[in-house]
Amino acid sequence: MQVLDEVTDELADLVRSASRVAVLTGAGISAESGVPTFREAQTGLWEQFSAEDLATPEAFDQAPALVWTWYRWRQALLLQVDPNPGHAALARWQHQLAATGGDLSIITQNVDDLHERSGARVLAHLHGSIFDHRCVDCTKPADLPAPHYDGFAHPPEPAEPPACEACGGSLRPGVVWFGEMLPMNAFDSASAAIRSADLVVVAGTSGIVQPAASLPLLALESGTPLVEVNPEETDISDAMDYCLRGPSGTMLPAVADAAL
Ligand code: BV8
Ligand code: ZN
C-alpha cells in the first residue's frame with residue numbers, strides 16, 4: 001500500500017489506462033458540501049443520540065416523530081447545499097469515459113442526491129434515498145412537498161409522520177436502516193460493476209458499515225487496483241494499493257485530471 005498526498009506519475013498512469021472504473025462513495029464525499037458525516041456528533045435535539053441509534057426500525061417504532069423529523073430536517077439541509085468539486089470530478093470523469101467507450105459506475109452509500117445534481121449517473125444507492133418516502137403498511141411510495149425547515153438552524157420540534165393516502169398507515173423514510181436488508185438489485189449491480197472494473201476507487205467512507213464496506217474487497221479476487229481517497233486511515237485502508245490522504249474535493253479533481 002502506498003500512502004500518497006498527491007497523484008503521483010505512477011498513479012496517474014494507472015488512472016489514464018483505466019476504462020471500466022467503479023467508485024464507492026460514502027458520507028465523506030458530501031462533507032465539503034456541508035453535510036455532516038455519520039461519525040460526526042449529532043446536533044441539537046439529537047445530540048444525545050448517535051446516527052446509528054436513530055437510523056433503525058426500533059427507533060422509528062419507539063419515537064416516530066423524533067426519527068421522522070430528523071430525516072425531514074436532513075432533507076432541508078440537503079436542499080440548501082450544493083455538490084462540491086469531488087462530485088463534479090466524478091461526473092466529469094464519467095462523461096469522459098462514456099465518450100470514449102469506457103464506463104464509470106458510481107456506487108454510493110449516501111442517501112443524498114448530490115452525485116445526480118453534479119450531473120453524474122448513479123448505478124446504485126445501496127442505502128436508499130432520503131427523498132423517498134413509503135408507507136409502513138402498504139409500502140406505497142409517497143411524494144411529499146419539501147420540508148419547511150432550515151437545515152442550518154436548530155433542529156425543529158418533532159412532528160408525527162404523515163399518514164399514507166392509500167391506506168392510512170404511517171409513512172417512513174425510504175432509506176435502509178441498520179438491521180434492514182439492502183436493495184438486492186442495487187447490491188448485485190454494485191458487485192458486478194466492481195468485479196468487472198479495471199480500477200476501483202473508494203472515496204469518503206470509513207469502511208465500517210457492512211455489507212457496503214466489503215464491496216471494494218471484491219476487487220482483490222481479480223487483482224484490480226484499489227485506490228482510497230480519505231484524509232484519514234479507514235477500516236479498509238490495508239486492502240488498498242494507493243491511499244490518497246486528503247479531502248475528496250481536492251483529490252478527486254486531481255484524479256479526474258489525470259484521466260483526461
Ligand atoms: C444489514 C441510511 C442484515 C440511513 C445507512 C448488529 C446488529 C444489526 C446489524 C449489525 C450489527 N453489527 C453489524 C451489523 C451490520 C450493520 C452495520 O454495518 N453496522 C455497523 C455500525 C457496524 N449493517 C446493517 O445493518 C445493514 N443491513 O446488515 O442487514 C440483514 C441480513 C438479512 C436480513 C435482514 C437484515 C444496513 C446498513 C445501512 C444503514 N443505513 N444509511 C441514514 O442515512 O439515516 S448507513 C449510514 O452510515 C450512511 O448511509 C453511511 O453509509 C454509513 C456511514 O458510513 P460512511 O459513509 O463511511 O460515513 P462515516 O461517517 O462512517 O465516515 C465518513 C468518512 O469520510 C470518514 O472515513 C472520514 O475520514 C471521511 N471524510 C471526512 N471528510 C472527508 C472524508 N473523505 C473525503 N473527503 C472529505 N472531505
Ligand atoms: Zn399505505
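Both counts, for ligands and for their atoms, begin at 1 and track the order of listing. Start at 1 with the first residue, then count along the sequence.
Side-chain atoms of Asp198 and Ser19, non-hydrogen and from C-beta on, do get closer than 4.5 Å to each other. Counting heavy atoms from C-beta outward, Ser33 and His87 have side chains that approach closer than 4.5 Å.
Proximity of Val111 to ligand 1, defined as any heavy-atom pair under 4.0 Å, is confined to the side chain (atoms from C-beta onward). Only the side chain of Ala55 comes within 4.0 Å of ligand 1, counting heavy atoms alone; its backbone N, CA, C and O stay farther away. With a 4.0 Å cut-off on non-hydrogen atoms, Pro247 touches ligand 1 through its backbone as well as its side chain. Neither the backbone nor the side chain of Met251 comes within contact range of ligand 1; no heavy atom lies under 4.0 Å.
The salt bridge (charged side-chain N to carboxylate O under 4.0 Å, His left out) analysis of residues 82-98, with sequence neighbours excluded, yields the pairs Asp82-Arg117, Arg92-Asp257.
Residue Ser248 places at least one N or O, backbone or side chain, under 3.5 Å from an N or O of ligand 1. By the 3.5 Å distance cut-off applied to N or O atoms, Thr234 is not counted among the residues near ligand 1. Among the atoms of Ala27, some N or O lies under 3.5 angstrom from an N or O of ligand 1. At least one N/O-N/O distance between Thr205 and ligand 1 falls below 3.5 Å. For the pair Glu232 and ligand 1, the shortest N or O to N or O distance does not fall below 3.5 Å. Between Tyr71 and ligand 1, at least one pair of N/O atoms sits closer than 3.5 Å. In terms of polar-atom proximity, Val176 is counted as a contact of ligand 1, with an N or O under 3.5 Å from an N or O of the ligand. The distance criterion of under 3.5 Å between nitrogen or oxygen atoms is not met by Ile29 with respect to ligand 1. Considering backbone and side-chain atoms alike, Glu52 places every N or O at 3.5 Å or more from each N or O of ligand 1.
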Sequence neighbours excluded and cut-off under 3.5 Å, please list the side-chain donor-acceptor pairs for residues 181-189, or say none.
unit_1: Ser189; atom_1: OG; unit_2: Asn185; atom_2: O; d: 2.6
unit_1: Ser189; atom_1: OG; unit_2: Ala186; atom_2: O; d: 3.3

Can you give the donor-acceptor pairs under 3.5 Å from side chains of residues 163-172 to other protein atoms, not counting sequence neighbours?
unit_1: Arg172; atom_1: NH1; unit_2: Glu180; atom_2: OE2; d: 2.7
unit_1: Arg172; atom_1: NH2; unit_2: Val175; atom_2: O; d: 2.8
unit_1: Arg172; atom_1: NH2; unit_2: Glu180; atom_2: OE1; d: 3.0

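Taking 4.0 Å as the cut-off between side-chain N and carboxylate O, Glu233 and Arg245 do not count as a salt-bridged pair.
Of all atoms in ligand 1, listed by their number and element, those nearer than 4.0 Å to a heavy atom of Arg74 are 42 (C), 43 (O), 44 (O). Each of the following atoms of ligand 1 lies closer than 4.0 Å to a heavy atom of Glu32: 78 (N), 79 (C), 80 (N).
Not a single heavy atom of Thr25 sits less than 4.0 Å from an atom of ligand 1.
The 12-atom threshold is exceeded at CG of Asp61, counting heavy atoms of other residues, nucleotides or ligands nearer than 6.0 Å.
Residue, atom and distance of the protein heavy atom nearest to atom 8 (C) of ligand 1 are Gly179 CA, 4.3 Å. Closest protein heavy atom to atom 73 (N) of ligand 1: Ala31 CB, 3.8 Å. Scanning the protein heavy atoms around atom 18 (O) of ligand 1, the nearest turns out to be Gln210 N, 2.7 Å.
Of all protein N/O/S atoms, those lying under 2.8 Å from the Zn ion (ligand 2) come to 4.
Note on Leu123 and Ile29: separate hydrophobic clusters, where clusters join Ile, Leu, Val, Met, Phe, Trp and Tyr whose side-chain heavy atoms are under 4.5 Å apart, directly or indirectly. Hydrophobic cluster membership is shared by Val7 and Tyr242, with clusters built from Ile, Leu, Val, Met, Phe, Trp and Tyr side chains linked at under 4.5 angstrom.
For Thr69 (side chain) and Leu66 (main-chain N/O), no donor-acceptor pair under 3.5 Å exists by modelled atom type.
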Exercise. Decide yes or no on side chain to side chain contact (heavy atoms under 4.5 Å, CB included) for Leu144 and Arg72, but give the supporting numbers first.
Key: CA-CA 10 Å; Leu144 293 177; Arg72 294 289 271 168; 4.0 Å; yes

